[in-house]
Structures are given as C-alpha cells and as structure tokens.
Amino acid sequence: MDSKRISSSSQQQVRLRTKRTKREWRPLEDRSCTDLPWFLLFTLFCVGMGSICGFTVVTGGAARLVFGYDSYGNTCGRRNERIEGVKLSGLDHTDRKFVFFLDPCNIDLVQRKIKSMALCVSLCPTEELKTYQDLRRFAMINGSELCSYELPAHDYPAQTERFSRCPKLPVPRSKPLPVFNRCTPVDVSCYAKFAEAVVTFVGDSSVLHRLIAGVAASKEIIIGLCVLALALSMILMVIIRYISAVLVWILTSLVVLGSLAGTSVLWWLYIDYRLYGNDTSSKVLKDLKEEPKEELRDSGQALLVYAASATVFTIILLLLMLFMRKRVALTIALFHVAGKVFIHLPLLTLQPFVTFLALLLFWIYWILVLLFLGTTGNPEQNEETGLTEFRLTGSLQYLTWYHAVGLVWISEFILACQQMTVAGAVVTYYFTRDKNRLPVTPILSSVLRLVRYHLGTVAKGSFIITLVKIPRLILMYIHNQLKGRENVCARCLLKSCICCLWCLEKCLNYLNQNAYAATAINSTSFCTSARDAFVILVENALRVATINAVGDFVLFLGKVLIMTCTAFAGVLLLNYQRDYAEWLLPLIIVCLFSFLVAHCFLSIFEIVVDVLFLCFAIDTKYNDGTPGKEFFMDKALMEFVESSRRLERSGGRGRSRVKEAPSEGAEMKPMAPGTSSA
C-alpha cells in the first residue's frame, strides 16, 4: 500500500511539473508579479535619487543655485552664517536679492563658467555706467553698491582698490534673469567671444546674423512644417500596409538589378582589357622597364578578382532571394497586419508623445539636481582667484556618479515601459479572435498590467542595458579626452571595444523587447521570458533576418520619404525668401526635426511588427488549424500560411512521384544499416 501511494504521489508530482513547464502561450487572465526583488531594488535606487535631491536642498545647494551666492559664500536674499576662514562671510543679504558680476564677459570656455567676482546687490544697473562717479551716484540714489562690500560707496573714485574690487568700466545695462536672479547684460555683444567659440563654422559674423534672422522670420513656417511631419508620420503608419508590398519588391528589384549591372560592367572591363589592352600595351611596353609591365599585369588580375568576387556575390544574392522570397512575403503580411493594429488601437500613436514627455520631465529634473550638486558641498577658496566655491569632497563625490548612473538606468526604464506597453496591447490584439470583443482601451489595460505586475521585469531588463551602455559611454569619453595623444594601437583598441559594446547593446535591446512580449503573454519572469523568446527566434532565424533586413530598410525609406516631403514643402513655402542663407538654416532644422519625428513614430511601428512576428511564430508552432488548435492569426497571415502549405504539398507530391517511378520494375526498400550505394 505504501509503495502504491509513493508511486501515485510521484506520478502526480511529475504531472504537476510538466504542467508547470508547459507554456500555454496566450494572454493569461490570472497574473502574478514578476521579478519582485528587482522592483524593490529599483524602488530603493529611485529613493536614493530622491535623497540626493533632498540632500542638496537641506545643505543649501538648491538655494544657492536659485537665489545665487557671492564670491564670499553668502546666499543672496538671505541671512547667512559665517564661514570659518572666509572674510566678509556671514552677511545679512535680505535686501540684496540679485547676483551681480564685476566682469560678466570674463567667461572660462573650458570650465564653462564666469570667472569674475560676484556680489549680491539690491538692484541691477538700469543704465550704462561709464565712470566711477556714475557708480557712486547709482549707489547713493538706489542704495545698490556695485563694488566690493568693504569699499564705502561715497568714496568709490578715490579708492586705490577700485580697479580690482569694482566692476569693469563701462558697466552695461542689465536685467535680472527670471527665477535665477542673475544680472545679465541687455546687450549680449560682450558674449561674442563665447559665441565665436561655439559657432566655429561661421567665418563671417554677418552670415550668422542672417541665418538667425532667417530662423526668426520663418518661425511660423518652421512650426507648420513640423506639424506637417507629425501628420505625415501618423498617416504613414496607417497606409504603410498598402504600400509595403510595392516598397519591398522595388527594393528587391533594385538590389538584384544593381548587383547584376555591377557584375556585368566588371566582366566587360576585364574582357575589354584582354582583347584590346594587350595589343595596345605590347606596343607601348617595348621601351618600358619591367615594373610597368608588372603593374599592368596586376591591374588585369585585379579586374579578374573583382569580377569573380562580384559574380560570387550576385549568385549568393540571387539564391538568397530565391529561397527567402516566401519570407519576404511574410514581411509584407506583417506590415499589413501592423497597419490594422493601428486602426484598432489608435492610441498607439500617442506612445511617442507620452514617452517623450516622461523623458523630458525626468531629464529636466536630472539637470536641476545636477546643477544643485554643483553648488553643494564644503566652501573652499580658489587659490588663483581667491573666490569661494562649493565642492563635494570625500565620499560625497560619489553622489555625482550615482546621479549619472540614474540618468542611464531610469531613461532606459522609461523606454522599456513603452516597449512593454506596446507589446501588451499588441499581444491582446493578436490573441483575441473576435476583434469586436477587444477591451475598450487595450493600451490603458496594458499600462495597468505593467504597473501592477511587471515593473520588476522592466527594471531588470533596463538594468542589463545600463550595464552595457555605461562602459561604452566611459570608453567614448576616454577616447575623446585622448584624441590626438594616443597611439594607433590604443585608438584601434578603444574603437573596437566601443563597437563591440554597441553591437552587444543592440542585440540585448532586441532580445529584451521580445522578452517583454513573452512576459506580456505568459506572465513569466524576465530570464524565463528571454529564454523562451530566444528559442522561438532561433527556430525562425531566417525569418528574423529577413524581417529585420527588409523591414528596417522599408521603415528607413519611410523616414526618408517623410523628410523629403517636408523638405519639399519647406522649399515651396520658403521660396519667397530669395536669399539662400536666410532659408538654409530653417530648412535644415525642419529636415532634422521631421526625420526625428518619423523615427519616433516608425520605431513604434517596428516594435509592433516585431511583437506580431513573435506571436505569429508561437501561433504556428503550437497550433495547426485543426479543431481545438485553431490559429489566432489575422486573415493576411492565414493566407501566407496556406500558400506556404500549398507550396510544400506541391513539392512533396513532386518528390513522391520521383520516389514512385522505379516501382514498376522493383519494390523500393529501406536501406539496410551499414550498406551504401555504389
């Protein structure tokens, strides 16, 4: 009895284990949280990012950035505490709310900061002050002392230290910056040196003024053309299913014809050299030495090598086109279905806006905290200038590195959330047979599933990308710092490492995207989903290569199409500005923005196509169309499967007829082991 119970319990455990390992590969209603430890780790990391911001606020770094501080460590507009070892610190600047620089045009282009002494004043100079008597008059009338605190205002012209402790004459008229309370000269001509260093490609300043004037005069046209690029991108995502077949076959025909034409030209050059080159060269080479003969002979051999190589390439290309023509048809079918997805899920077109807004808000927050860190720390006197600066010392220096890692990880996390949201919505669309029974808002349902169950999976996938991206960024920084000073081997090694890490990052991005789709289907952890998706992709390696090669190029053509249409409209609208320099820069801005907009929108289309392919591969693997195993796929994909099966059946009948041909005289028998035919 005990042995029977043991055997029955073991059989139940085996059945349960096989039940757990078997994949249903359809969206599950009962989901569970995935990669919960990684969600907790990411939450702790975000708390650390917030703590850095809190630290800068508590220690006064945020206040010093917003309100400004003078060269003695006093925050403007506040009562300050004395800093040990720094004279003129600890002053009451409640009435002095603006930062005034004695020489605002003295800019350090390397450190990207103003090297001039800074003071807290109650009023920025409202007029140009040309003499020290004007400085004294301005201070006596307005109560705003523009020289150092230890100099009495009524005695400015007689002070011997006025050349180093008073502003450089003439003092330009200035206005305070909004929010940041810095006195900024109204006439920005003093920043000409800085502008010249930034805009190094402009040799004549008049050209720069004309370009800027052209942008200012065409701002309405630029905004209108950017809206046009936005509309064209949305329209293209819907109608690309109607023009994808034309684009794909035009591309295929051009590639084949181009390779054939190139091979023919090379063989024609070689034949022409063999027929006519030897006759003419024999007459010319009678009086020449041996070296020119060898050079001409080498040129003939080079033509032969080029022609033979081109022939091999063309044959391989034709064979690939022959064997992969069905997979090209799959790419067209996927594009067709992707267009239908955007019709049924129109909110997918808002994903680039939402992602861009989230990234923009985070980047603004990150830059503000980085600026806060720049004014946080212990006060130190600069030995060269004698000015007081705040710097992070000791272990606090690692806060900047922590903040930099947060920039990469959280940015990748936001992008991964977009991929998971799109994948969840597309998976719901694919595995719903009756499209009329789709959820009211599949995008919102996907977002809710992501927030409730799969934030840990997204955090883990984005962290893996961060581990690859940070070393690549560090190597790029080292390469830029050592530019012109490293030897050839070091430069080659750095570029090779950067290229390898870039390729690895792209591969991991593609695998992560498919892992998110697998998680959206089965609600499994990141590693399990990545393994399952990798197995599916390996089993369909040729299809993956075809879709990525052909599909990416078609989408690239779509981006170029949007950019050229927008540029053409821009040329027509800007044509009334006859000066070429006036509408060149606006047109360049429009082209760049239109390509960026097209890239953002068509990248969503690319994600949809990749998720549809994974769903299609899973559908064809686990279903065969028989009762109980019906396909989930769309009609266009069903037609592709049926045409593939008809081709396979016709090929199978052809092979069976070949095998049955000898049956009239002899019976075909299986080959015995160990025998071989002569």
Side-chain angles (χ1 to χ4, degrees), residues 13 16-51 345 347-348 351 354-355 358-359 362 405-406 408-432 438-467 508-537 607 610-611 614-615 618 622:
Q13 290 177 358
L16 288 174
R17 194 179 297 115
T18 56
K19 203 172 189 179
R20 283 196 298 266
T21 57
K22 186 178 179 180
R23 295 276 179 262
E24 288 293 332
W25 285 111
R26 65 184 62 183
L28 301 177
E29 297 296 333
D30 298 330
R31 291 183 172 266
S32 59
C33 293
T34 55
D35 298 295
L36 186 59
W38 281 93
F39 170 70
L40 298 177
L41 178 63
F42 182 75
T43 303
L44 291 176
F45 184 85
C46 292
V47 170
M49 292 282 291
S51 301
L345 309 178
L347 291 181
L348 278 177
Q351 283 301 304
V354 176
T355 304
L359 287 173
F362 170 68
V405 173
V408 181
W409 191 4
I410 297 179
S411 298
E412 292 295 331
F413 178 82
I414 294 173
L415 294 174
C417 286
Q418 172 186 269
Q419 294 176 354
M420 177 69 88
T421 301
V422 174
V426 175
V427 163
T428 302
Y429 171 85
Y430 187 93
F431 287 100
T432 302
L438 284 170
V440 179
T441 54
I443 300 294
L444 183 59
S445 302
S446 180
V447 171
L448 294 177
R449 286 199 302 269
L450 166 64
V451 173
R452 186 175 180 181
Y453 298 110
H454 305 311
L455 285 179
T457 300
V458 172
K460 187 174 183 178
S462 57
F463 181 76
I464 293 174
I465 301 297
T466 304
L467 288 180
L508 289 176
N509 264 320
Y510 183 73
L511 182 60
N512 281 9
Q513 179 180 307
N514 286 278
Y516 299 148
T519 300
I521 297 173
N522 283 328
S523 189
T524 50
S525 63
F526 177 82
C527 291
T528 304
S529 300
R531 182 194 62 200
D532 295 340
F534 182 75
V535 171
I536 296 293
L537 294 176
I607 294 173
D610 291 337
V611 175
L614 183 67
C615 296
I618 292 168
Y622 292 95

Counting only heavy atoms not in Phe42 (residues, nucleotides, ligands), do more than 12 fall under 6.0 Å from its CZ? yes

Gap separating the [atom1] atom of [X] from the [atom2] atom of [Y], nearest 0.5 angstrom:
{"X": "Leu455", "Y": "Leu36", "atom1": "CG", "atom2": "CG", "answer": "10.5 Å"}
{"X": "Leu359", "Y": "Phe413", "atom1": "CG", "atom2": "CZ", "answer": "12.0 Å"}
{"X": "Cys615", "Y": "Ile536", "atom1": "SG", "atom2": "CD1", "answer": "10.5 Å"}
{"X": "Leu511", "Y": "Leu537", "atom1": "CG", "atom2": "CG", "answer": "7.5 Å"}
{"X": "Ser462", "Y": "Asn509", "atom1": "OG", "atom2": "CG", "answer": "10.5 Å"}
{"X": "Leu467", "Y": "Leu508", "atom1": "CG", "atom2": "CG", "answer": "9.5 Å"}

Main-chain N/O of [Y] paired to [X] side chain as donor or acceptor, under 3.5 Å:
{"X": "Asp35", "Y": "Phe526", "answer": "yes"}
{"X": "Ser411", "Y": "Val408", "answer": "no"}
{"X": "Ser446", "Y": "Thr421", "answer": "yes"}

Minimum side-chain heavy-atom gap [X]-[Y] below 4.5 Å:
{"X": "Cys527", "Y": "Lys460", "result": "yes"}
{"X": "Val611", "Y": "Val422", "result": "no"}
{"X": "Phe45", "Y": "Leu41", "result": "no"}
{"X": "Gln351", "Y": "Ile607", "result": "no"}

Closest heavy-atom contact between [X] and [Y]?
{"X": "Tyr516", "Y": "Ala416", "answer": "OH-CB, 3.5 Å"}
{"X": "His454", "Y": "Ser523", "answer": "CE1-OG, 3.5 Å"}
{"X": "Ala517", "Y": "Leu614", "answer": "CB-CD2, 3.6 Å"}
{"X": "Ala425", "Y": "Ile443", "answer": "CB-CD1, 3.5 Å"}
{"X": "Ala515", "Y": "Ser529", "answer": "O-CB, 3.3 Å"}

Compute whether any side-chain donor of one residue and acceptor of the other, for Gln419 and Asn512, lie under 3.5 angstrom apart. no

Ring geometry between Trp409 and Trp38 (parallel below 30°, tilted from 30 to 60°, perpendicular above 60°): perpendicular

Partners meeting ring pair (Phe, Tyr, Trp, His ring centres under 6.0 Å) with Tyr430 (sequence neighbours left out): none

Can you spot which of Thr524, Thr457, Thr519 makes a side chain to side chain donor-acceptor pair (under 3.5 Å) with Thr34? Thr457

Arg449 vs Thr428, test: side chain to side chain contact (heavy atoms under 4.5 Å, CB included). Steps then yes/no. CA-CA 12 Å; Arg449 286 199 302 269; Thr428 302; 3.2 Å; yes

Walk me through whether Phe534 and Asn514 qualify under side chain to side chain contact (heavy atoms under 4.5 Å, CB included). CA-CA 8 Å; Phe534 182 75; Asn514 286 278; over 6 Å; no

